[in-house]
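Report on the structure given below.
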Amino acid sequence: MAARAEEIVVIGAGMGGLSAAIRLAHAGLKVHVVDRAPGPGGKMRTMATEAGPVDAGPTVMTLRPVFEELFDSTGARLSDYVTLHREEVLARHWWPDGGTLDLFADEAASADAVGAFAGAQAEREFRAFCARAKRLYQAFEGPMMLAGTPSQGALTRHVLIHPRLILDMAPHRTLAKTLGARFTDPRLAQLFGRYATYVGGSPFRSPAILGLIWHAEAQGVWRVEGGMKRLAHGLERLARTQGAAFTFGTGAAQIETRAGRVAAVHLEDGTRLPADIVVFNGDPAALGAGLLGEGLRDTLPRAATHPRSLSAYVWSYAAIPKGPELVHHNVFFCTDPHTEFDPIAKGHMPEDGTLYICAQDRGTGASPQGLERFEIIMNGPPQADGADPTDEEKETCRTRTFETLARFGLAFDPTPGTDWLTTPRQFAKLFPASEGSLYGRSPHGLTASLKKPTARTKVAGLYLAGGGAHPGAGIPMATLSGRHAAAAILTDLAST
């Protein structure tokens with residue numbers, strides 16, 4: 001393979017781009033990764049605080065085998081590059097009525113907790129839900145997630161062999177309706193409906209099949225020692241050991257094509273990088289917007305990138321907490337989820353949103369003293385106009401966020417100012433053509449997962465990786481997208 005001397009440029013050092021770069025460099029190809037950011041990670045951002053860098057993007061690793069396989073494929077070990085800590089408490093959940101529920105990495109412990117929280121009937125419903133989520137996950141893992149091109153035929157054949165899956169999928173019902181029918185306690189329906197937001201959807205508009213996300217988390221979550229950015233740096237280091245080169249601090253301005261295939265990548269600093277193959281690890285919507293060249297506007301159908309998924313209001317800061325005992329993952333629910341998702345559907349900030357808090361310094365058994373690092377996420381709508389957020393918008397978000405937490409008895413000293421907030425409009429500027437959406441195409445609709453673009457495009461030599469491509473958002477799925485892109489490239493090279 002190396003004798004072919006193909007020159008590969010990977011645009012974007014997010015998880016998908018890094019994953020593809022590692023595999024391609026290991027195969028002996030010449031790989032050059034470019035990113036306008038000062039370092040790797042993409043949406044895996046950090047903010048500098050007096051207590052150290054605080055995560056401003058993903059907060060934990062799930063589906064650890066995806067990352068172990070990536071390192072194993074090169075003869076390396078994940079544990080040599082990052083230190084991981086398994087969290088026994090998956091998340092601590094709080095409701096305005098005073099209810100609190102911990103879910104655990106051990107299903108039996110979670111079931112016992114649900115029973116103590118909401119009664120024996122709720123425990124039985126939870127166990128049934130876990131079984132359904134597991135069946136759905138196992139049915140979709142092979143033909144959808146692990147396949148370079150999702151196979152509806154393979155999935156259909158599996159369903160015909162296991163017809164019970166039709167009831168599990170509830171194909172004509174939303175996640176919210178399905179959960180509402182299967183949990184007699186509305187708090188549990190609200191809790192598991194939240195998993196739609198993991199891929200940027202509303203439980204009121206997402207298909208019931210997204211309940212399988214619970215099984216992915218129930219398999220375990222791992223905290224990366226030093227913060228999630230350490231994982232990105234670990235992948236960068238592995239890529240360099242395989243021979244990949246990196247250029248940070250200048251982005252791609254244009255993908256040059258000749259006779260219908262890629263020829264080079266032009267950087268914002270004027271550099272021209274000859275390229276036989278380009279892996280684009282940015283939002284695929286940027287191609288349709290003409291940001292990488294007018295000739296690439298029709299590379300993908302609009303349905304591959306639109307409608308857009310959710311955005312978020314994200315606080316990243318250091319402070320001293322006062323109030324209820326936090327763990328690493330904490331969720332403070334609103335009273336009525338409609339007050340969160342109905343305004344979002346109209347393009348507005350939630351009136352009363354559920355708040356996720358990552359207490360970054362509070363791993364299992366940790367009780368830090370003094371300043372701690374926190375990330376708070378409130379879901380928000382995508383924003384297409386590209387305007388700067390107003391002071392009023394930021395102050396409104398500040399009021400709604402911290403007054404909500406105060407009702408739970410939680411306060412921070414100091415209360416962060418709006419400089420520590422990233423809004424949907426700011427995300428739109430950070431990630432061109434994204435409209436602030438953090439998860440690519442919306443997951444709303446039964447066939448949404450089949451509409452995401454796959455690795456190959458109609459432009460010869462141009463491939464896609466990242467959360468906006470198949471199999472979707474989240475660091476495990478984005479990492480798998482890089483695997484799919486590398487496999488497509490190696491297959492195509494072998495056939496020419």
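All figures in this text were calculated on a predicted structure; none of them were measured in a lab.
In this structure Gln383 satisfies the side chain to side chain contact (heavy atoms under 4.5 Å, CB included) test together with Pro381, Pro424, Arg425, sequence neighbours excluded. For Pro443, the side chain to side chain contact (heavy atoms under 4.5 Å, CB included) partners at least two apart in sequence or on another chain are Val199, Ser206, Leu210, Ser309. By the side chain to side chain contact (heavy atoms under 4.5 Å, CB included) test, Thr241 pairs with Tyr81, Leu238, sequence neighbours left out. Applying the side chain to side chain contact (heavy atoms under 4.5 Å, CB included) criterion to Arg45, with sequence neighbours excluded, gives Met47, Ala56, Thr422, Phe427, Leu430, Phe431.
In this structure, His484 contributes its side chain and Ala469 its backbone to no donor-acceptor pair below 3.5 Å. Looking at Thr339, its side chain does come within 3.5 Å of a backbone N or O of Asp352 through a donor-acceptor pair. Remark: the backbone N or O of Gly17 is paired with a side-chain donor or acceptor of Asn281 at under 3.5 angstrom. Remark: the backbone N or O of Thr305 is paired with a side-chain donor or acceptor of Arg308 at under 3.5 angstrom. Remark: side-chain polar atoms of Arg400 are not paired, donor with acceptor, to backbone N or O of Gly353 under 3.5 angstrom. Using a distance-only test at 3.5 Å, with no hydrogens or angles considered, no donor-acceptor pair links the side chain of Lys452 to the main chain of Pro471. Remark: side-chain polar atoms of Thr354 are paired, donor with acceptor, to backbone N or O of Cys334 under 3.5 angstrom. Of the possible polar contacts, none joining the His444 side chain to the Gly201 backbone as a donor-acceptor pair under 3.5 Å is found. Panel note: side chain Ser437, backbone Pro382; no donor-acceptor pair is recorded below 3.5 Å. Not one N or O on the side chain of Asp168 forms a donor-acceptor pair closer than 3.5 Å with the backbone of Leu136.
Side-chain contact between Glu256 and Val265 is absent, with no heavy atoms from C-beta onward closer than 4.5 Å. No side-chain heavy atom of Ile277 sits under 4.5 Å from any side-chain heavy atom of Asp492. For the pair Ile209 and Tyr137, the minimum side-chain heavy-atom distance is 4.5 Å or more. Ile22 places none of its side-chain heavy atoms less than 4.5 Å from the side chain of Phe71. Counting heavy atoms from C-beta outward, Thr479 and Leu70 have side chains that approach closer than 4.5 Å. Looking only at side-chain heavy atoms (C-beta outward), Pro40 and Phe248 come within less than 4.5 Å of each other. You'll find the side chain of Phe67 reaches within 4.5 Å of the side chain of Pro476, heavy atoms only. Two residues are said to be in side-chain contact when any heavy atoms from C-beta on lie closer than 4.5 Å; Thr491 and Arg456 meet this criterion.
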Chi angles and distances behind the side chain to side chain contact (heavy atoms under 4.5 Å, CB included) call for Leu29, Leu490
CA-CA 10 Å; Leu29 297 167; Leu490 296 174; 3.8 Å; yes

Output, in order, the C-alpha distance, side-chain angles, deciding distance and verdict of side chain to side chain contact (heavy atoms under 4.5 Å, CB included) for Val459 and Val262.
CA-CA 7 Å; Val459 178; Val262 301; 4.2 Å; yes

Under the criterion side chain to side chain contact (heavy atoms under 4.5 Å, CB included), I'd like the reasoning laid out for Val34 against Val9: C-alpha separation, chi angles, the key distance, then a yes or no.
CA-CA 7 Å; Val34 300; Val9 175; 4.3 Å; yes

Take Glu6 and Lys30 through the side chain to side chain contact (heavy atoms under 4.5 Å, CB included) test and state the conclusion after the steps.
CA-CA 6 Å; Glu6 275 81 8; Lys30 183 179 179 181; over 6 Å; no

Checking Arg23 against Glu69 for the salt bridge (charged side-chain N to carboxylate O under 4.0 Å, His left out) test, could you report, in this order, the C-alpha distance in whole Å, the side-chain angles of both residues, the deciding distance, and whether it holds?
CA-CA 11 Å; Arg23 296 176 186 277; Glu69 187 277 332; 2.5 Å; yes

Show the numbers, then the answer: is there a side chain to side chain donor-acceptor pair (under 3.5 Å) between Thr149 and His470?
CA-CA 8 Å; Thr149 300; His470 170 74; over 6 Å; no

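Considering every non-hydrogen atom in both Val33 and Ala21, the closest pair reads CG2-CB, 3.7 Å. Counting all heavy atoms, side chain and backbone alike, Leu167 lies closest to Arg182 at O-NH2, 3.0 Å. Taking every heavy atom of both residues into account, Gly440 and Asp283 meet most closely at CA-OD2, 4.4 Å. Pairing each heavy atom of Pro432 with each of Leu291, the nearest pair is CB-CD1, 3.6 Å. Pairing each heavy atom of Lys429 with each of Asp388, the nearest pair is CE-OD1, 2.8 Å. Closest heavy-atom contact between Leu446 and Pro171: CD2-O, 3.7 Å.
Checking Tyr356 against Thr59 by side-chain atom types alone, a donor-acceptor pair falls below 3.5 Å. Inspection of the Thr247 and His32 side chains reveals an N or O donor paired with an N or O acceptor under 3.5 Å. A donor and an acceptor atom, one from each side chain of Tyr313 and Gln426, are nowhere located under 3.5 Å apart.
Here the OH-CD1 distance, from Tyr463 to Ile8, works out to 9.0 Å after rounding to the nearest 0.5 Å. With rounding to the nearest 0.5 Å, the separation of CH2 in Trp315 from CG in Leu421 is 4.5 Å. Rounding to the nearest 0.5 Å gives a distance of 12.5 Å between CG of Leu212 and CZ of Arg135. Note that the CD1 atom of Ile11 and the CG atom of Leu292 stand 5.0 Å from one another [nearest 0.5 Å]. Atom-to-atom distance recorded for Gln219:CD and Leu63:CG is 6.0 Å, nearest 0.5 angstrom. Met15 CE to Met228 CE: the interatomic distance, rounded to the nearest 0.5 Å, is 7.0 Å.
Among residue pairs with one or both ends in residues 294-304, those qualifying as side-chain hydrogen bond (donor to acceptor under 3.5 Å, both in side chains) are Glu294-Arg297; sequence neighbours excluded. Listed by first and then second residue, the ring pair (Phe, Tyr, Trp, His ring centres under 6.0 Å) pairs involving residues 253-306 amount to none (not counting sequence neighbours).
Ring geometry for Phe204 against His338 counts as parallel: the plane angle stays under 30°, on a 0 to 90° scale with 60° as the upper cut. Taking the six-membered ring where tryptophan is involved, the planes of His93 and Phe333 are essentially parallel, since the angle between them stays under 30° and well short of 60°.
Between Asp276 and Arg261 there is no salt bridge, since no side-chain N of the basic residue sits under 4.0 Å from a carboxylate O of the acidic one. Between Glu392 and Lys394, none of the side-chain N atoms (NZ, or NE/NH1/NH2) sits under 4.0 Å from a carboxylate O, so this pair counts as no salt bridge. Salt bridge Arg36/Glu268: present, at least one basic N to carboxylate O contact under 4.0 Å.
The neighbour count for Arg240 CZ, taken as heavy atoms of other residues, nucleotides or ligands under 6.0 Å away, is above 12. Within 6.0 Å of atom CZ in Arg64, more than 12 heavy atoms from other residues, nucleotides or ligands are found, so the atom counts as buried in its surroundings.
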